[in-house]
Structure formats: C-alpha cells, structure tokens
Amino acid sequence: MHSTTRSVIHGQTLGLASQPVYATLVQFPAVCFFGTLLTDLAYLKTLNYLWETFSIWLLTLGCIFAGLAGIAAIVTWVSHRHVRRVPYAGAYALTCLVAAILSVVNAFIHSRDGYSAVVPTGLTLSAIVVVLMVIATWLGWPRVQYVEQVQHVQPVNNVGAL
Amino acid sequence: MHPEISFTPRRLVKTGAVCGALIAAAFGLSACDHGDPARQAAQYGAAPMLPTPKNYLLPPMKVAPVGTWKQGEAPVVDASLKISAFATGLVHPRSLYMLPNGDILITEANGPAAPVNRPKDLIMGVIQGYGGSNAKGANRITLVRPGANGAPAQQTVFLENLSSPFGMTLVGNDLYVANADSLMKFPYKTGDTHISAPGTKVIDLPGGPINHHWTKSLLASEDGTKLYVGVGSNSNIVENGLEAEKDRADVLEIDRATGAARIFAAGLRNPNGLSWEPTTKALWVVVNERDEIGPDLVPDYLTSVKDGAFYGWPYSYYGQHVDKRVMPQRPDLVAKAIAPDYALGSHVAPLGLVFNSAASTMPEKMRTGAFVGEHGSWDRSPMSGYKVVFVPFNGGKPAGQPVDVVTGFLVGDHAKGRPVGLAMDKTGSLLIADDIGNTVWRVSAAGGAAPAPSAAGAP
C-alpha cells in the first residue's frame, strides 16, 4: 500500500516543493534573505546607511512572502498526506519555519536606528538565516534517486489504472 | 533507508505555537520595560541619574489616543491659579508670540509630510497618527486681540499660505516668521490684524525632503541685529545619514542686515523655545533628546546656550556619554561635548519655554523662573510630559525641582490636549498652545488681579 502510493504519482515524492504555489512563493524570501546578508556586509564595510535601508526593505518583503509561502505550505501539508511523508519533510518544514521566525526578529532588529540595527545581532541573524536556508534546500531537495527506484519497482501502467 | 522525521500537522502547529510564544515573550519583555518612577525622580536638575542604555526588539512605547475637550472642560491647575480658554476653534496651534501692543499671534501648523524611507516610517506614522501627531495644520498665523475688561476677544486670520510656520519675532516693523524651510520677513504696523503682503525670503533654512524635526524656533537679539533659529536634527540618531544633518541640530545665528548665517551652538538634537533669561540676558533653550535606548534615557533638558559650544548630538549625550549607535564614532568631538544645565526628565518632549519676571501677576512662587511646555512622547511607558512645569531660577540659574503648573491634559489614557508653545501675555498671565486640543489656554493668578478671560468655553 505504501509503495503503491509512492509509485503511482511519483511527482508528489518531491514533497512541499512539488506544490507550485508554494514553490513559486518560497523563492522570494530565499532571494530577499540572501540579499539581506549581502547588503548587511556592504553596510559593515562602508557604514553607509543606504545599505541598512536596503536590508530592512529586503527583510520586510522576504517576511511578507515567507508568510504567504507559509500559508501555501500549511494548506498543502494538512491536505496532502504524501508531502508529509517524504524523507526529511518535517525537518525541512521546521528549518524553514525557524528561518522565517528569525527573519521576523531580524526585521525588528534592523528597524533600530543607527549601527545597532545591523551590528552585531542583525548581521548574525542574517547569516544564520542563510545557513538555515541552505540546510533547508538540502533537506527539501527532490530525491530523484528515490523516485527512480520507486519507478523501477512498479510497472508504468499503474498510472493509467488510477 | 532515509530516517523518517515525520511531523504530524498537530506537532507542527505545536512547534509553531511554541516559537510564536517565544517571539511574543520577547516583545512582551521589551514592551514591558516600564519607566521607573524612582529613576524619573532622580532625573531632574543638574546631575540626572543615567541608567545603562539598552537596545530593543521593540522600544517601549505608549501613545495616548486623541480625546476632545468638551464644553467647559479644561486642564487642571492648583488653587492659586485659574485657567480658561483664550482662543478656541484653532487648527493645530503650535507656538505663540506677543506683539508689543499685546496682540497674540498663534501659528497653526503641523510638519510637512514625512517621507517613508524605511518600513518603520509607515508603522510610526500610524502610531503617531493615533496620538494626533499627523493632524493637518492650517499653515497660517491667527491673531487674537484680548478684550479689555472682559470684552470678547477679537480673533482674525493674520497671515496665510505659510509652510509649517513655528518661530515668530518682531524687530521694528519687520515681522520674521520661521517656516519649516525658510525664514520670511513681512511688513507690520502696530495694530495690524491682517498682513496681505507676500513677504520676502531672508534665507533658506535646513528643510526637506526629510525635515524630521521641522519646528524652527526664532528669537531676535535685544538690539535687533541678530536672529537666532533653533534647527532640529533630521533623524533620531543619524539613521538618515550624516549628509542629511548639514547645518542641523544647532542654533543658527543670522545677521539681520546681511542674512549671513553661522552655527552659534551645535549638538542640540531638537532645540526649541529660544528665550533670553531676563537677569543674565543669556540664551536658553529646551532640547528633545534621543529615543529608543530606554524609558529613562535620555533626559530632555533646559540649558543656557554658549557661543561655539557643542552639546554632544549625535555622538554623545549629557556631556560625554557615547552613543554607540553612531558609527564611525568621533572621540574628538565627544571630548568637546559639554553637559546641559538642567534635566527635565526623559521623553517629556519640551517644546515651549518662556521666562517669567518678578513683575508678573502670577503667584509669588512662579515669578522668578521659566515655564516649560512638555508635549509628551511615544517612547515611554508610563507616559511622561503632557504638562506645563515651572522651573524656579535664582541668579540666572535653575534652583530647585520643576513644579507642575498645568496638568490634566491626559484624562484616563486619552490625551485631550498636548501643550506646546508658551508665551506671557500683557497682563502677566501664561498662555499655552494646545495642539491636539485646538485651543490656547490662559493661566492666571486665582486672586483676580488680571482681567477676566474673554473667550467662551471657560469653566
């Protein structure tokens, strides 16, 4: 029963990443939060307040889209059992959640005035979030090998049978 | 083959709830950093107690929503005084000036639209709007001629189409008005109740596009050769960059004949209420200090302003207490910074200052010294300010604790009014501009030596 479910619609073994709305939305925080680290580093180097302004806008947009992606993720997670059951699904979701929460905290840190908006807490959080996003990417990466293995086990005509 | 770290929906929701609770707790902790009454009591006078600065996730804040004065309601004074409405139906009255014939000028203004440079500006706009700070001003000056012996006051629109006017001063037949971005000159004859002349620009003042602390106080030297303008900083603590602070956070001295300007004193974050101390003839000013490093930091102050002095902003406060939010730091400037004379308490937001004199009709205990209008700030819980205090002076120096003169602007948690600019009228009574209350209040001795107030709405 278990292996049948997996083999019939193998695309769904991609987990949350297979959900197109989520997959689209989650790119925004990924790019924004990575950008925040870069603009924070630029601030550290130049002490020009404009870089801090870039950071806080990137964080704000990233957090808004992370919230929307989170809604898409929860809907998918609750309504589709298979996205919960792929390997590392829980670890992936938890890592993303922690990254999003730290980014919300980071947005408040970056809303301080002056140097303490970035150094040291803001910059540290920006770096931690990027590391978490890299880990999440690994955890949520499509396990192609696994999909192929399932396909080898089941005949292709099972798809038609459903 | 793969470890199954299976999170059920319930478990995920639970994890989310725990994380949410942690964030809420962090916010709660910062928002619950209440100002300490004992510490507040130790923050008046020459040597205020200064706690360690803190950084916040969310700075402690409390904003009083706007209430309205009902017919017959007024702020509260003690039994030796009486209070009445001097002028009502105004549109955000901010500052007051008495002409030599006893006519009172009232600027009705609020700041120019603040640009949104950071997401925070959007949120602060909403928060301060809740406290009435975003109300539209009329960009005009209204003249009130007090009626003699209880006759009704005459109230006329004196000067229109200004741009966030605040400071006013008359030298001879020249009436100077400090807009948020320019110093203007208008012809005035004694007894005028309206000026229709377009006026001429004397000099541009530091203005937009940000113009964060926009109120430009104005004062003329006794001989009329110099004008002094208080210019506030363009930020809380240079978060808009140092370039935005050119010629700001200082008192400018302008030569009236040539229009040449120089920085008279610097490092004053938001100086207002420029006044001459009557015995020593020294320049005094009230200053709003910086925000977001604690409910009991930094005390706002009243100080004499020395020619060429540097008072710290942004690099340090209260002398040489370094503000680490400013990078790069300037130890060379911090070394020059001098401490102000008299702390008024943290976040009281003094915007009005007027000296009384020994000849005043006010009660004996309020003659030698200065009244200070404390507008109140969003950055402290519980709120502080929202009152008018009297600072007794002796020999041209503050002597003693500030005394509450007018309170009761806060009713429950609502602000029915917020005091701003002050003036003494011809009878020696105190006038108070109440911006969100759209009223000018008159406070006089209860004994009845002064003529009865004339405007309606008095209790």
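FYI, side chains are in, hydrogens and waters are out, and symmetry mates aren't considered; it's all heavy atoms of this structure. The sequence lines fix the lettering, A, B, ..., with proteins before strands; numbering per chain opens at 1.
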Is the number of heavy atoms from other residues, nucleotides or ligands within 6.0 Å of NZ (B/K120) greater than 12?
-> yes

When the ring centroid of A/Y88 is compared with that of A/W141, is the distance short of 6.0 Å?
-> no

Contact part of A/Y49 toward chain B, heavy-atom cut-off under 4.5 Å: side chain, backbone, both or neither?
-> side chain

Chain A heavy atoms under 4.5 Å from B/N117: which part of the residue, side chain, backbone, both or neither?
-> backbone

Pick one: which of A/Y22, A/F65, A/F34, A/F33 meets ring pair (Phe, Tyr, Trp, His ring centres under 6.0 Å) with A/F28?
-> A/F65

Part of B/P328 within contact of chain A (heavy atom distance under 4.5 Å) | both

How long is the gap from NZ on B/K336 to CZ on B/F310, to the nearest 0.5 Å?
-> 8.0 Å

